[in-house]
Amino acid sequence: ECSNGTSGAYHTIFSFPAGESTVWCYLRGMNSHGQVFGTFGGIGGVWTPTVANGASGTLNADLRFGSIASYGPAGQTAGWNGTSNTFFEFFTPIGPNAVTGGFSTFELVYLTQSSLGRFGPGGELPFMNCFPPGARGSDCTWRPRIWRPLQAGTLAGSIEELPVLEGFSAFYPEYLNARGEVLGTMQTPNRRDVPLLVSNGKMYDLGAIPGLPAIRSIGFNDAGQILL
């Protein structure tokens, strides 16, 4: 009965229909409300607890969720559309952590090659695009960006361009926290990954810290603690 306890109970949130035990099921992750995001029985969806972090709830499964690449604290998702691999689909709940909502094409990343990071606490979405449109592989110039909505869960907002440090070929912004910091991974021309932190407008090469191996970043929290 306390936050961050060391004991608890297991609960089943999805059971395969009879005779369909081999259908693919993959869980992408969970937010602080207790919503679970992933693919359930071969269909993308979101399981929402009846009460925050409760043991029972409702599964909203829809092909339009597709392969969920990112999810947010309010229950919003973004990912490849389940019926087409040419654009991202954006799901916005009718209210914070609501079971139902609407789908719309996320045209900000409507390009040949794109990658989404994790939604920030205010609905911000870090991503990167391959430019020019239609380019592939070594012909790409990867542009790191952040989508900042006017209000969390809406499609009205603006794009912030992020720089790439000299000597690196790409920057993959992946996480944001409540302090406005951005954590991601830079890549050298020889494809070596180096963790990077953007804080107060400054960029910090975490791979340059003595004794710290040059590896990808995994995540961080609102206190600024970083997991590598």
Side-chain angles (χ1 to χ4, degrees), residues 1-17 21 23-82 88-103 106 115-127 146-147 149 152-154 172-179 181-185 216-228:
E1 298 297 326
C2 62
S3 298
N4 302 312
T6 57
S7 61
Y10 294 98
H11 303 280
T12 300
I13 64 173
F14 175 78
S15 297
F16 290 103
S21 60
V23 177
W24 185 45
C25 184
Y26 171 76
L27 301 182
R28 179 71 175 177
M30 181 172 60
N31 63 13
S32 59
H33 186 80
Q35 290 181 294
V36 179
F37 305 83
T39 301
F40 302 83
I43 301 176
V46 179
W47 181 85
T48 301
T50 304
V51 297
N53 301 300
S56 61
T58 302
L59 173 63
N60 178 12
D62 192 305
L63 283 174
R64 289 174 294 179
F65 279 110
S67 178
I68 295 175
S70 184
Y71 57 88
Q76 63 271 55
T77 71
W80 288 113
N81 183 279
F88 282 98
E89 194 77 12
F90 196 64
F91 172 75
T92 304
I94 58 175
N97 308 110
V99 174
T100 59
F103 294 88
F106 193 27
S115 178
L116 295 179
R118 187 71 56 83
F119 278 98
E124 309 92 340
L125 184 61
F127 66 98
I146 298 177
W147 165 248
T154 66
Y172 304 86
E174 298 169 282
Y175 308 97
L176 298 98
N177 64 11
R179 293 153 56 111
E181 297 171 319
V182 182
L183 181 66
T185 301
R216 291 185 66 91
S217 54
I218 298 175
F220 70 157
N221 59 21
D222 291 339
Q225 295 174 306
I226 300 172
L227 182 62
L228 299 171

- Task: Could you walk me through whether Phe40 and Leu59 pass side-chain contact (heavy atoms from CB on, under 4.5 Å), step by step?
- Result: CA-CA 9 Å; Phe40 302 83; Leu59 173 63; 3.6 Å; yes
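- For Ala78 against Phe90, the heavy-atom pair with the smallest separation is CB-CD1, 4.0 Å.
- Using a 4.5 Å heavy-atom threshold, the side chains of Thr185 and Glu174 count as touching.
- Under the side-chain hydrogen bond (donor to acceptor under 3.5 Å, both in side chains) criterion, the residue pairs touching residues 218-228 are Asn221-Gln225, with sequence neighbours excluded.
- Aromatic pair Phe37/Phe65: centroids not less than 6.0 angstrom apart.
- Between Pro173 and Pro126, the closest heavy-atom pair is O-CB, 3.6 Å.
- The minimum heavy-atom distance linking Ala98 with Ile94 is given by the pair CB-CG1, 3.6 Å.
- Of the possible donor and acceptor atoms, one in the side chain of Asn31 sits under 3.5 Å from a partner among the backbone N and O of Gly72.
- When all heavy atoms are compared, the tightest approach of Pro149 to Gly122 is CG-O, 3.8 Å.
- By the 4.5 Å heavy-atom criterion applied to side chains, Thr77 and Val46 are counted as neighbours.
- Tested against Tyr71 for a side-chain contact (heavy atoms from CB on, under 4.5 Å), the candidates Gln35, Met30, Arg118 yield a single pass: Arg118.
- Using modelled atom types, no side-chain atom of Asn177 and backbone atom of Ala223 make a donor-acceptor pair closer than 3.5 Å.
- When atom types are taken as modelled, the side chain of Ser70 and the backbone of Phe119 share a donor-acceptor pair closer than 3.5 angstrom.
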